[in-house]
Amino acid sequence: MSDPSLDNYSPDRGQWGSRLGFILAAAGSAVGLGNIWKFPYITGENGGGLFVLVYLVCIALVGLPIMVGELMIGRAARKQPVGAFTALSGPSSGWRIVGWLGIITGFIILSYYIVVAGWAMDYTLKSVANFTDPIAETASAEAKAYRATTPLEEMRAALVVDRANRATVEKVAEVRGEAPRSAWKAWEIYQKALTEAAAPGGAGVATAEAALLEDAEFARKIDLVRPVAARIDKLRADAKAEAAAFYAAAEPKQIRDAAETLDRRHHIADAVGKAFGTVVTDGWTGTFWALLFMLITVLVVAGGVSSGIERVSRVLMPLLVGILVVMVAYSAFQPGFGPAVSFVFEPNPSRLKASGVLEALGHAFFTLSLGMGAMITYGSYQAKKENLVRQSILIAGLDTAIALLACLMLFPIIFSYGQEPAAGPGLVFKSMPLAFAEIGSGGMLLAILFFALLVVAALTSAISLLEVVASYFIDQRGWSRGKAAWIIGGVIFLFGVPSAFSFDPDFALASWEPTFGKSFFDTMDYLASNWLLPIGGLLVAIYAGWFMPKRIRRAELEGMSAAVIQGWLGLIRYVAPALVALVILQKVGILTLD
Ligand code: PHE
């Protein structure tokens, strides 16, 4: 075969207009809900510091070399994933399956991605309608009434609890990370059952306990949590004693003022929590927003590579960084900033479980858009042979910086309000509005900015997801760009409807959850992030490191120093595949770590 990059080049195929345009589009794909929505909440769930460090190592050792590999494959072949492997290794090559896998993965991720993006759109609109304002007003009125009717001692007690909670929340989140999440789930069930058993009419604590602990796996989990829970209790008890001493000395007026503020914040938190619940549990609303979001995505993709994707990214990416910097600046002046910085950046060796390491690795794929051919596709629109390693470092660096900034924006607010950092997927949607409601009228502007930021980040990523699937039909099946974008977008939207209805009690897919143990939405995310992306990434690494024709690889690496090339080869041939294989083995259950 002669040089495939010349053979298969068709002049009317899309191309990036400039080097910067490509970098912005690729960074736009990488920076998305993964950075602002998912990364902070999994960092919270995994106890902060060390998890972040492990994630950074995964980006450097696994993500970066695979990104170079994907861009290289795409650029050499000038084809989307299925075509790329055919072009490079011949029409009968089994590597084509990797391309197919990517298309399926893109299809699945986009189907639930539009649902989360839709929630962000709903919140943007709510912010424009100033939804936090009436919440703040009602809460103020309720807090005044509370002040007028509540005995001083009761107020003092509430303040003590709150002060103790705020003093320990960061530490508790860190310590919690010492036991795996599945064990904490078991612990919750256990505690609940014991409380019920102890109530009048219950079975009695001893009987209930014996029945639960009969299950060996369950008992093992409880044993894991028990010492950790005891340490947390101790932390809390100490903090409570300190807080009690603090308020014992306070004046009655001080107490009333502080208690009123506290009560107002509780009401705000309740109302905001309910607002998020309504969006998520209303399938019709969710479907409506997902449809609207998909429509915008389709329009951009139909617009083409340089006049659609690149043009939009050029405007949206700088905007996104700007909004984020404003939000971080606000957070830097919050009392929770100090604890947040130490939560995110202070690695504490005893705080992380192996399952957290594996989760960090899986997220490295998701956040860099790797393992499904998005970077192969974007690389295929590159005309000039720029330095691949430098480009990849730039894209991955930008993505990582934004993920860390998102944490520095979110955690100060969470800690200032004594919120739980391990709150899960609702973290961003619940915690940020608390701050907005407190700020008052300026908060409305920040709220609009913030949720618009989420939508923007999601849009540039969704575009790349749709592009991977659509470009197959454009390149391989000869469809026009418009036809491919509209039809594929429509089909993926339909497939996303069950995700939008996943949390709607009226339309619950009755047999899904009992059968698969997760909602439809979570099943899709789990399937894609934990299986398809790591498997796709592993195969790409093996292909780029071992099977890609040497001549082509050499041509793509031309002009780079021997040390860089050797370093990359070492990572993509040995380190990256070994680490990813480790994740997969653990997931299969051959290797049990938690
Ligand atoms: N990287 C995107 C994010 O962080 C998600 C994504 C995954 C986009 C895979 C494209 C391909 O949100």
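Everything numeric here is computed off the predicted structure, so don't read it as measured data. If you read the sequence from its start, that first residue is 1, and numbering goes on from there. Whatever order the structure lists ligands and atoms in, that order sets their numbers, starting from 1.
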Under 6.0 Å between ring centres: does that hold for [X] and [Y]?
| X | Y | value |
| --- | --- | --- |
| Trp37 | Tyr41 | yes |
| Tyr55 | Phe39 | yes |
| Phe22 | Tyr378 | no |
| Trp546 | Tyr574 | yes |

Can you tell me which residue and heavy atom of the protein come closest to [atom], and the distance to 0.1 Å?
| atom | result |
| --- | --- |
| atom 8 (C) of ligand 1 | Ser369 OG, 3.3 Å |
| atom 11 (C) of ligand 1 | Met372 SD, 3.2 Å |
| atom 4 (O) of ligand 1 | Ala30 O, 3.0 Å |
| atom 1 (N) of ligand 1 | Phe366 O, 2.8 Å |
| atom 2 (C) of ligand 1 | Ser29 O, 3.4 Å |

Backbone or side-chain N or O of [X] under 3.5 Å from ligand 1 N or O:
| X | result |
| --- | --- |
| Leu370 | no |
| Leu465 | no |
| Leu33 | yes |

| task | Could you give me the CA-CA distance, side-chain angles and deciding distance for Tyr381 and Glu467, then say whether side-chain hydrogen bond (donor to acceptor under 3.5 Å, both in side chains) is met? | result | CA-CA 12 Å; Tyr381 300 133; Glu467 178 68 20; 2.4 Å; yes
| Hey, which atoms in ligand 1 end up nearer than 4.0 Å to a heavy atom of Thr367? | 1 (N), 4 (O)
| Residue Ser461 vicinity, atoms of ligand 1 by number, heavy atom under 4.0 Å | 2 (C)
| query | Is Tyr113 in contact with ligand 1, taking contact as a heavy-atom separation below 4.0 Å? | reply | yes
| message | Parallel, tilted or perpendicular: which one describes the rings of Phe451 and Phe429, with boundaries at 30° and 60°? | response | parallel
| message | Parallel, tilted or perpendicular, judged at 30° and 60°: which one describes the rings of Trp479 and Phe473? | response | tilted
| Within 45° cone of Phe366 ring axis and under 6.0 Å: Lys38 NZ or CZ | yes
